[in-house]
Colleague: 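Starting off with a structure, shown below.
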Protein chains: 2
Amino acid sequence: MQKQGEDILKNSALSVTASRKRILEIFLAADNALAHQDIETKCADQYDRVTIYRTLQTFLEKGIIHNIPSTDNMVRYALCNDACITTGHHHDNHVHFRCDQCGKTVCLDDVNIPPVNLPRGYTMKEINMVVNGICKSCK
Amino acid sequence: MQKQGEDILKNSALSVTASRKRILEIFLAADNALAHQDIETKCADQYDRVTIYRTLQTFLEKGIIHNIPSTDNMVRYALCNDACITTGHHHDNHVHFRCDQCGKTVCLDDVNIPPVNLPRGYTMKEINMVVNGICKSCK
DNA sequence: AATACTTTTGCAACAAAGTTGCATTCTTAA
DNA sequence: TTAAGAATGCAACTTTGTTGCAAAAGTATT
Ligand SMILES: [Mn+2]
Ligand SMILES: [Mn+2]
Ligand SMILES: [Zn+2]
Ligand SMILES: [Zn+2]
């Protein structure tokens with residue numbers, strides 16, 4: 001697993017640093033999307049808050065992670081799938097699910113966002129779908 | 001227009017106060033969704049920041065406005081349509097659009113969110129769709 | 001219209017989140 | 001091994017959001 005993180009960094013032409021490896025490790029081990037705060041909780045003793053901000057920003061730009069919109073001012077992040085990483089820009093098209101019970105946000109990698117028709121004049125570049133409800137673990 | 005704001009407040013069994021009327025006015029005059037900050041800019045000289053927070057919270061709870069998720073930690077708010085207000089809880093089902101050019105977020109009231117099938121075990125309670133791209137005013 | 005009761009507001013104080021510049025340390029490639 | 005460039009930590013700061021409480025405003029009743 002250590003190795004996997006390094007590979008991701010190298011594939012994205014990023015230098016391999018301790019904090020980046022650690023943050024990737026955290027994502028690889030997580031079963032749900034993580035907010036900045038979640039990551040801070042797991043490693044603020046080792047790495048500076050600012051470093052975490054900058055690392056997430058870098059990972060976003062490199063297409064290593066994608067962010068998930070929210071109405072609670074807690075943007076969450078999840079690893080992109082391999083396809084997304086290798087091509088260098090996002091083409092995620094899956095639905096996200098937020099459980100009202102356990103609060104976890106997950107990628108439903110197998111559920112594609114259904115197509116939608118915009119009014120004349122609008123150009124679509126990206127699309128996000130977030131469903132709220134109860135997850136399968138909670139009920 | 002003054003009158004309209006008062007009616008909304010009375011329909012929701014809220015007391016009619018100057019700040020609430022003013023904030024409703026701002027929403028009624030806006031052609032796009034507003035973040036807390038936008039509202040503050042327009043009336044921080046008249047009303048306290050805390051009052052704006054509490055007013056938005058109240059409006060949300062009463063179903064006068066709904067919020068729109070974002071990936072920039074700026075939740076935006078827009079008026080619910082009449083149907084939504086009168087019943088007292090949200091049943092918005094329209095798509096939101098965020099323009100990458102002008103930065104405006106709008107309700108596409110006529111575009112319904114297409115249905116999506118979740119994996120077995122997941123229960124859907126609410127659904128949000130936000131599309132990014134270029135709006136009709138910008139191109 | 002005056003009263004009593006309830007709700008809302010503003011203020012202060014605070015906590016949390018996010019940003020920026022810069023010196024130091026670490027990575028990488030020659 | 002070294003030099004150049006990139007990333008990190010720290011400090012200082014700004015912005016955003018929260019809470020308790022006293023004062024003010026709104027509402028219902030007489
Ligand atoms: Mn995802
Ligand atoms: Mn809307
Ligand atoms: Zn759950
Ligand atoms: Zn636009």
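Quick caveat: nothing in here was measured; it's all calculated off a predicted structure. We name chains A, B, ... by the order of the sequence lines, and we start the count at 1 in each one.
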Colleague: Using a heavy-atom distance cut-off of less than 4.0 Å, which residues of residues 35-51 of chain B contact DNA chain C?
Modeller: B:Q46, B:Y47, B:D48, B:V50, B:T51

Colleague: Tell me the interatomic distance from B:F59, atom CZ, to C:dT7, atom C1', rounded to whole angstroms.
Modeller: 14 Å

Colleague: Please report the distance, rounded to the nearest Å, between CD1 in B:I52 and P in D:dT16.
Modeller: 12 Å

Colleague: Drop me the distance from A:N93's CG to A:M129's CE, to the nearest 0.5 angstrom.
Modeller: 10.5 Å

Colleague: Roughly how far, to the nearest 0.5 Å, is NZ of B:K21 from CD of B:E6?
Modeller: 4.5 Å

Colleague: Above 12 or not: heavy atoms from other molecules or residues under 6.0 Å from CG of B:D110?
Modeller: no

Colleague: Distance check, rounded to the nearest 0.5 Å: B:Y122 atom OH versus A:L108 atom CG?
Modeller: 5.5 Å

Colleague: In whole angstrom, what separates B:M74's CE from D:dG17's P?
Modeller: 9 Å

Colleague: What is the distance, to the nearest angstrom, from the CG atom on B:D72 to the P atom on D:dT16?
Modeller: 11 Å

Colleague: Mark up nucleotides 25-30 of chain C, 5' to 3', with B wherever a protein heavy atom is under 4.0 angstrom from a base atom, S wherever such an atom reaches only the sugar-phosphate, and - elsewhere.
Modeller: --SS--

Colleague: Identify the two heavy atoms, one from A:M74 and one from B:N73, that lie closest to each other, and give their separation to 0.1 Å.
Modeller: N-OD1, 3.8 Å

Colleague: Nearest whole Å is fine: how far is C:dT7 P from B:K62 NZ?
Modeller: 11 Å

Colleague: I need the CG-C1' distance between B:L9 and D:dA25, as an integer number of Å.
Modeller: 15 Å

Colleague: Does B:N73 put a side-chain nitrogen or oxygen below 4.0 Å from OP1 or OP2 of C:dG18?
Modeller: yes

Colleague: Quickly work out the B:K21 NZ to D:dA25 P distance and round it to whole Å.
Modeller: 13 Å

Colleague: Under the criterion side-chain contact (heavy atoms from CB on, under 4.5 Å), which of B:N128, B:I113, B:N81 is the partner of B:D92?
Modeller: B:N81

Colleague: Base, sugar-phosphate or nothing for A:S19? Non-hydrogen atoms, less than 4.0 Å.
Modeller: sugar-phosphate

Colleague: Evaluate the ring planes of B:Y53 and B:H36, with Trp represented by its six-membered ring, and classify them as parallel (under 30°), tilted (30 to 60°) or perpendicular (over 60°).
Modeller: parallel

Colleague: When rounded to the nearest 0.5 angstrom, what distance separates CD in A:E40 from CG in A:L56?
Modeller: 10.5 Å

Colleague: When rounded to the nearest 0.5 angstrom, what is the spacing between OG1 in A:T105 and OH in A:Y77?
Modeller: 13.0 Å

Colleague: Between D:dA7 and A:R54, is there an OP1 or OP2 to side-chain N/O distance shorter than 4.0 Å?
Modeller: no

Colleague: Rounded to the Å, how far apart are A:Y53 OH and D:dT15 C1'?
Modeller: 11 Å

